[in-house]
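As structure tokens, the structure follows; a few thoughts come after it.
Every chain is numbered from 1 and lettered A, B, ... according to where its sequence line falls, protein lines coming before strand lines. Quick note: numbers below take in every heavy atom, side chains included, and nothing from hydrogens, waters or symmetry partners.
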2 protein chains.
Amino acid sequence: MERRRAETRGEIISAAWELARETGLVPLSVRRLAQQVGMRAPSLYSYFASKDAIYDAMFAEGQIQLARTIDAYRQPSRAGLRAATHAFFDFCVSDPVRYQLMFQRTIPGFEPTPESYALAIDNLERIRAQLVSAGITSSQHHDLWTAIVTGLVAQQMSNEPEGRRWRDLVDEAVDVFSDHTGLVDEPESTSDNKEPT
Amino acid sequence: MERRRAETRGEIISAAWELARETGLVPLSVRRLAQQVGMRAPSLYSYFASKDAIYDAMFAEGQIQLARTIDAYRQPSRAGLRAATHAFFDFCVSDPVRYQLMFQRTIPGFEPTPESYALAIDNLERIRAQLVSAGITSSQHHDLWTAIVTGLVAQQMSNEPEGRRWRDLVDEAVDVFSDHTGLVDEPESTSDNKEPT
DNA sequence: GTCTATATGTGGATAGAC
DNA sequence: GTCTATCCACATATAGAC
């Protein structure tokens, strides 16, 4: 049965996340992962061709979760950018292992397959489209903004994983960047929901 | 002789950098390192108590190099901040292995010793002092600036290791940040090297 | 000081029985 | 499908001879 197999694969990946959060992503071992799901190591190879295939499935899962997170925020305004940035910030900080797998390339030998990497590209395009819809069209501004946001995230995670010292700077960063790029507080509404002054 | 010993230690660390740049920092093995310096693995243990001790010496060396880099830039002005930022940017990007060891914590099990970590603290203080001398005293602004700079560095290294796409945004970032914090183009000179207008 | 030899452990992955 | 048994490569680190 095809369906049972997919379920088991899901359980394995789920256990892999759990284990990686305990012991780290690199030291994750096939043996211990098998033990975690009540199997022996060789049985895992009926579900995944290799350890890297497991990393790859985790990578893809993270990208899909990120896609959902991004798609939940679509207001083209300064307030919308603020909300989306907070959401992205929390997505990263809430799961350091997922962050390491998706955004840092520190697992020796692992590279995502083209299929999984395409999901990452899709997400970059999602972000780009949101910035464009907010009126930020310059690719330099896109690059600057992604650098600022990932910089805040990285500082928070590496210096104060449980705190909010850099998270509390997100609003200020949004304002600085918005002032610089001319992003206004409300979207230029083409409709009639504004009172005349 | 004490001096010969220190020299050999230096050669080992030098070879370790070289090897890590070829094979990566995590897969660095004591055997191959010994081979690189013309020894057998056990002999290395006369110079370093463990593999982590080797990482630690590399970490300390990187921090000392960073200290020298920082100390070369002391002009308290927007132009000075620009120069210092470029220097820091190049310091990071020019040696990804060193960057991974110093700023990312992705080597399983390794933590710097208190002595080496103190060097890292010293460098943070150096950077803080430079920002203060440039007139930027708010700790929030310090945090925001370090996030922006490390964000630019990280994007450059992970997306385009050989390019200059994010490096070319450094000047713009300096300007945006300087405008936001009120950092002027020239230091408030207390002397007389300015022509009257 | 440097070596040989080895202890001791880990890991990913496969063959072949049930 | 899952297991036992095993291969094989590789790791860090130590004992003890020279």
Query raised in the report: Can you tell me if Gln100(B) and Thr106(A) form a side-chain donor-acceptor pair at under 3.5 Å?
Result: no
Query - Check ion pair Asp179(A)-Arg78(A) (N to O, under 4.0 angstrom) - result: yes
Query raised in the report: Within this structure, what is the CD-to-P distance between Glu11(B) and dT2(C), rounded to whole angstrom?
Result: 11 Å
Requested in this report: Report yes if some heavy atom in the side chain of Asp56(A) is under 4.5 Å from a heavy atom in the side chain of Phe110(A); otherwise report no.
Outcome: yes
Query raised in the report: So, do Gln140(B) and Leu144(B) sit near enough that their side-chain heavy atoms are less than 4.5 Å apart?
Result: no
**Report entry** Whole angstrom value for the distance that separates C1' of dT2(D) from CG of Leu33(A)
**Finding:** 16 Å
**Report entry** Spacing between Gln35(B) atom CD and dT2(C) atom P, to the nearest angstrom
**Finding:** 17 Å
Report task. Could you check how far CZ of Arg40(A) sits from P of dG11(C), rounded to whole Å? Result -> 15 Å
Requested in this report: Name the orientation class of the two ring planes belonging to His141(A) and His180(A) (parallel below 30°, tilted from 30 to 60°, perpendicular beyond 60°).
Outcome: perpendicular
Query raised in the report: At their closest point, which heavy atom of Val93(A) faces which heavy atom of Gln156(A), and how far apart are they?
Result: CG2-CG, 4.3 Å
Query raised in the report: Using 30° and 60° as the class limits, which term best fits the ring planes of Phe91(B) and Phe88(B): parallel, tilted or perpendicular?
Result: parallel
**Report entry** Stretch residues 21-32 of chain B: residues that reach within less than 4.0 Å of DNA chain C through a heavy atom
**Finding:** none
Report summary line: Within residues 44-52 of chain B, the residues having a heavy atom closer than 4.0 Å to DNA chain D are Tyr45(B), Ser50(B), Lys51(B)
**Report entry** Electrostatic pair Arg21(A):Glu18(A) at N-O distance under 4.0 angstrom
**Finding:** no
**Report entry** Residue closer to the 5' end of DNA chain C, Pro42(A) versus Gly38(B) (nearest nucleotide)
**Finding:** Gly38(B)
Requested in this report: Take the protein atom CE of Met39(A) and the nucleotide atom C1' of dT4(D), then report the distance between them rounded to whole Å.
Outcome: 16 Å
Requested in this report: Would you kindly give the CZ-to-P distance between Phe110(A) and dG11(C), to the nearest whole Å?
Outcome: 19 Å
